[in-house]
Amino acid sequence: MNDRNRTADQPHIDARAVAALERIAAALDRLAPPALAAVDLSAADAYLWRSDLKRLEPVAHVNRVELSLLKGIDQARDLLLDNTERFAGNLPANNALLWGARGMGKSSLVKAVHAEINRRLASRQATERLKLVEIHREEIEALPLLMGLLRGDSHQVLVFCDDLSFDAGDASYKSLKAVLEGGIEGRPANVLFYATSNRRHLLPRDMMENERSTAINPGEAVEEKVSLSDRFGLWLGFHKCGQDEYLAMVEAYVSYFNFDLDISQSALQAQALEWATTRGARSGRVAWQFVQDLAGRNGVRIASPG
């Protein structure tokens, strides 16, 4: 009798177990990360990496400045151009760190060089274009995922991070170190990493000094953090510009937009210098801000060059 009852009840017990298992499976599916979208870099020349969506979003219009308008950084310009052109031609090239004074065109140079290399490729009727992918500083921990996504793609890709630096207690720099050189897979052959920073070593001095003072072996404690910058084979320093360089930047913008101004060159220079004095700095960014103000006061409509 008991055996018969257990046999009769068995299908009911199995149905409940199956239902429970289905609920568990559905919950696990919801928790699982979404599948990575297939990479298609033919839609645009530039992309933005969205780590929250795990995909690349094409950028229709890149906010950039014409290479010829970047004044006072000739050596850095030439070195980065040469390095990028070699990379676009499938030749060995170095990761690059552009560091130094604010507003001197570090990120503008990266974007302008990308455009110039593609212009050269187009003039040679090359079938492939150099791709630019920007990753935000806050998403640097997702850099290994991005690199894996780009690995094996047929295009040469510049991955670019603007204003890269790390604060005390931030361990995400280890992801960057592993991707650049130290990981078991290494950097994909078709990917180069460019970064800009106000810091040469990407870490605040007080963070490095604290590591030195509290470690058993101070030299080894700091070495791991300093070595992050060593992963960049090309270091390009940007320094504050002088008065002549600043005025050359202003005049280049005025000439580029073909302003019809009813003032002399000396008057233009005097206004530009007064503007820089009120800002307490001279830089490419300050020059551009002055030109925007100048255009507005004279009823001239302009757009960001490039």
Side-chain angles (χ1 to χ4, degrees), residues 62-84 96-116 134 137 160-165 194-206 229 232 234-306:
V62 178
N63 179 29
R64 58 178 152 222
V65 175
E66 286 287 338
L67 191 62
S68 62
L69 293 176
L70 299 176
K71 304 294 184 181
I73 54 173
D74 295 0
Q75 184 179 21
R77 176 199 64 202
D78 294 343
L79 288 171
L80 195 66
L81 262 174
D82 289 345
N83 191 67
T84 310
L97 174 62
L98 291 72
W99 67 275
R102 298 176 183 276
M104 282 303 297
K106 299 184 292 294
S107 60
S108 294
L109 180 59
V110 172
K111 292 180 285 187
V113 162
H114 169 250
E116 173 63 17
E134 182 174 8
R137 158 65 190 91
F160 166 55
C161 184
D162 189 27
D163 199 19
L164 180 63
S165 62
Y194 284 0
T196 69
S197 179
N198 298 320
R199 302 169 181 167
R200 184 173 184 176
H201 290 296
L202 302 178
L203 297 157
R205 183 179 298 275
D206 58 351
S229 295
F232 295 89
L234 184 61
W235 286 11
L236 300 176
F238 290 69
H239 308 284
K240 294 180 179 179
C241 66
Q243 178 174 300
D244 291 343
E245 292 170 322
Y246 168 72
L247 291 175
M249 295 171 186
V250 171
E251 292 170 2
Y253 281 128
V254 171
S255 175
Y256 179 85
F257 290 112
N258 195 25
F259 280 11
D260 185 15
L261 301 176
D262 190 21
I263 58 174
S264 64
Q265 183 181 26
S266 59
L268 174 66
Q269 291 179 346
Q271 290 183 25
L273 291 174
E274 181 180 3
W275 180 273
T277 300
T278 62
R279 298 300 178 278
R282 291 189 293 260
S283 69
R285 181 177 297 138
V286 172
W288 171 240
Q289 291 167 346
F290 166 72
V291 169
Q292 290 187 97
D293 179 77
L294 180 69
R297 286 188 283 110
N298 286 272
V300 177
R301 296 183 181 275
I302 63 174
S304 178

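These figures come from a predicted structure and were not determined experimentally.
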Legend entry - Inter-residue atom distance Thr196.OG1 - Leu164.CG, 0.5 Å rounding: 7.5 Å
Enumerate, atom names and distances included, each donor-acceptor pair closer than 3.5 Å involving a side-chain atom of residues 261-272, sequence neighbours excluded.
unit_1	atom_1	unit_2	atom_2	d
Ser264	OG	Ser266	OG	3.0
Ser264	OG	Ala267	N	3.2
Gln265	NE2	Glu251	OE2	3.1
Gln269	NE2	Glu251	OE2	2.8
Gln271	OE1	Arg297	NH2	3.2

Legend entry - Over all atoms of both residues, closest heavy-atom pair of Ser197 and Ser165: OG-CB, 4.4 Å
Inset, instruction - Evaluate side-chain contact (heavy atoms from CB on, under 4.5 Å) for Gln243 paired with Arg282, printing each intermediate quantity in order. - result: CA-CA 7 Å; Gln243 178 174 300; Arg282 291 189 293 260; 4.2 Å; yes
Inset, instruction - Could you tell me whether a side-chain N or O of Ser255 sits under 3.5 Å from a main-chain N or O of Ala252, the two making a donor and an acceptor? - result: no
Inset, instruction - Could you tell me the separation between the CG atom of Asp74 and the CG atom of Leu79, rounded to the nearest 0.5 Å? - result: 11.0 Å
Inset, instruction - Decide yes or no for Trp275 and Leu294: does some side-chain heavy atom of the first lie under 4.5 Å from some side-chain heavy atom of the second? - result: no
Legend entry - Whether over 12 other heavy atoms sit under 6.0 Å from Glu274 CD: no
Inset, instruction - Carefully, step by step, assess Leu247 and Leu273 under the rule side-chain contact (heavy atoms from CB on, under 4.5 Å). - result: CA-CA 8 Å; Leu247 291 175; Leu273 291 174; 4.0 Å; yes
Inset, instruction - Heavy atoms only: give me the nearest Phe259-Ala295 pair and the separation to one decimal. - result: CZ-CB, 3.6 Å
Inset, instruction - Could you tell me the separation between the OG1 atom of Thr278 and the CZ atom of Phe290, rounded to the nearest 0.5 Å? - result: 10.0 Å
Inset, instruction - Using the test salt bridge (Lys or Arg N to Asp or Glu O under 4.0 Å), find all partners of Asp82 that sit at least two apart in sequence or belong to another chain. - result: none
Inset, instruction - Would you give the length of the straight line joining atom OH of Tyr194 to atom CG of Leu236, rounded to the nearest 0.5 angstrom? - result: 8.5 Å
Inset, instruction - Provide the closest heavy-atom pair for Val286 versus Ala276 in the form atom of the first, atom of the second, distance. - result: CG1-CA, 4.1 Å
Inset, instruction - Mind listing the closest non-hydrogen atom pair of Val250 and Ala287 along with its distance? - result: CG2-CB, 3.8 Å
Legend entry - Heavy-atom side-chain contact between Met104 and Met249 under 4.5 Å: yes
Inset, instruction - For residues Gly105 and Ile73, report the shortest heavy-atom separation together with the two atoms involved. - result: O-CD1, 4.4 Å
Inset, instruction - Might you point out which heavy atoms bring Tyr246 and Ser283 nearest each other, and give the distance in Å? - result: CD1-O, 3.8 Å
Inset, instruction - Could you note down all residue pairs passing side chain to side chain donor-acceptor pair (under 3.5 Å) where residues 96-113 supplies at least one of them, sequence neighbours left out? - result: none
Legend entry - Residue pair Glu245 / Lys71, side-chain heavy-atom distance below 4.5 Å: no
Inset, instruction - Begin from the C-alpha positions of Ile302 and Tyr256 and carry the test side-chain contact (heavy atoms from CB on, under 4.5 Å) through to its verdict. - result: CA-CA 10 Å; Ile302 63 174; Tyr256 179 85; over 6 Å; no
Inset, instruction - Using atom types as modelled and distance alone, determine if a side-chain donor or acceptor of Arg77 lies under 3.5 Å from a backbone N or O of Leu109. - result: no
